[in-house]
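Structure, as structure tokens:
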Amino acid sequence: MIVSEKVRNLHPYVPGEQPKDRDYIKLNANENPYPPAENARKAVIEFIEKHPEKMGLYPDPDSCELNKEIASLLNKTGGVLCRAAVAPDGSVTPSERDRIPFEVTPDMIYSGNGSDEVLSFLFYAFFDSSRRFVMPQFTYSFYPVYAGFYNIPMELVPLKDDWSLDVPQMLAKAEKDGGGIIFANPNAPTGIGMSREEVRSMIKKAPSDSIFIVDEAYVDFGGESCIPLLAEFKNLVIVRTFSKSLCGAGMRLGYIVSSPELVATVLTVKNSVNHFPIDALAQVAGRASCQNPAYYCKCAAAVVQERDKFYEFLISKGFYCIKSQTNFLFAKKDGIPGSEIYKRIKEEGILIRHFNTPGIEDFVRITIGTPEQMALLKAAFEKCIC
Ligand SMILES: *Cc1c(COP(=O)(O)O)cnc(C)c1O
């Protein structure tokens, strides 16, 4: 057998489909329907035209300038774009609820090649075969894939009847083995968020010598960021991405916010796997994006507005739909399996997501698009579902 047993036992992640046969409207991978800001696009072009020689040189291995800009973006916005106020001159202020009571500094940031890669380094850094992790039964489905890859035992805790996290059960499991905890907040694919206070009281009761990871991929669309809790908890790691709220899924940029000590640990892992995870162009685009928070605040606010409108539409058509703090909706309708809804909408040229996973097969997950895309989706639902 040429292939190792390790690899024969892998169960790779299956992303939302990326079709090549037809130009579908893509509302199946929680991407942002808006392009990156103009200044980010221009920065990349300028970099190529003015510094072609840099394309032949290695990029900054630690993306120091990018980390500075990320820290500054978080300080300016409070880490929740949809609620930050945008002044006519383009300056941005966090809402009172989101203000971070200390300055986020660049040494609190580690950035990598998409948060998927960042997560893989976190799994490597903070778990092993004798240190299990606890996660909700339904959350980002890449976490169990990493558990398989790194041979880490995991404990899945079913969600409650209202699809929120069963915090007491998660804590009980973590306490039993001194295990770490990971979940997305707001969670996927449900769209439900926990408040910062709820997370605070959860971390207080979790093992303090194990890692506590909160994945904030969707927080910019209405959740509450746990960044302010970093002042209190040394075992907290917050994971964030450019792929959703910063219109940058194609650039592959993700990062953590944590203590400088834990950031240094992740750097050690990174420097043992891939010294240069972020290419020169992505660093340029990422830096420029962070310098234009006003644009992304407006995009996030537009997505939130469309989301709440489509929620009302689905409810009015007899759907069960979970109130969402993200850029997607999770919905089902009695009498029509999720696979059937997905199929009929696909025939109309629009892709949404359906999961074959037992327990959520009835649901579809709908990424929120532009007003034009959502009008087409609404027409498709009216034609073939409602
Ligand atoms: C989309 C998503 C990610 C992955 O983001 P990338 O930065 O594109 O790798 C991570 N976690 C959650 C919960 C996500 O939804």
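Both ligands and their constituent atoms are indexed starting at 1 by order of listing.
More than 12 heavy atoms of other residues, nucleotides or ligands shown are found within 6.0 angstrom of CG on Asn9.
Using a 4.0 Å heavy-atom cutoff, Phe242 is absent from the residues neighbouring ligand 1.
Counting protein heavy atoms only, atom 9 (O) of ligand 1 is closest to Arg252 NH2, 2.8 Å. Of all protein heavy atoms, the one lying nearest to atom 8 (O) of ligand 1 is Ser243 OG, 2.6 Å. Nearest to atom 15 (O) of ligand 1 among the protein's heavy atoms is Tyr218 OH, 2.6 Å. Considering only non-hydrogen protein atoms, atom 5 (O) of ligand 1 sits nearest to Ser115 OG, 2.9 Å. Closest to atom 14 (C) of ligand 1 among all protein heavy atoms lies Lys244 NZ, 2.9 Å.
Ring pair Phe47/His51 is tilted by interplanar angle, where 30° to 60° counts as tilted. Between Phe363 and Tyr320, the ring planes lie perpendicular to each other; the angle is over 60°, past the 30° to 60° tilted range. Relative ring orientation between Tyr58 and Phe276 is described as parallel, the plane-to-plane angle staying below 30° on a 0-90° scale split at 30° and 60°.
Annotation: Thr241 places an N or O atom under 3.5 Å from an N or O atom of ligand 1; distance criterion only.
Interface atoms of ligand 1 facing Gly114, defined by a heavy-atom separation under 4.0 Å, are 7 (O), 9 (O).
Put simply, Val199 and Phe221 are part of the same group of oily side chains (I, L, V, M, F, W, Y) that touch within less than 4.5 Å, one to the next. Cluster membership for Leu73 and Val239, using ILVMFWY side-chain heavy atoms within less than 4.5 angstrom, is not shared.
The closest heavy-atom contact to atom 12 (C) of ligand 1, among the options Val118, Asp215, Asn327, comes from Asp215.
Under the 3.5 Å distance criterion, the side-chain polar atoms of Arg344 are matched with a main-chain donor or acceptor of Cys384.
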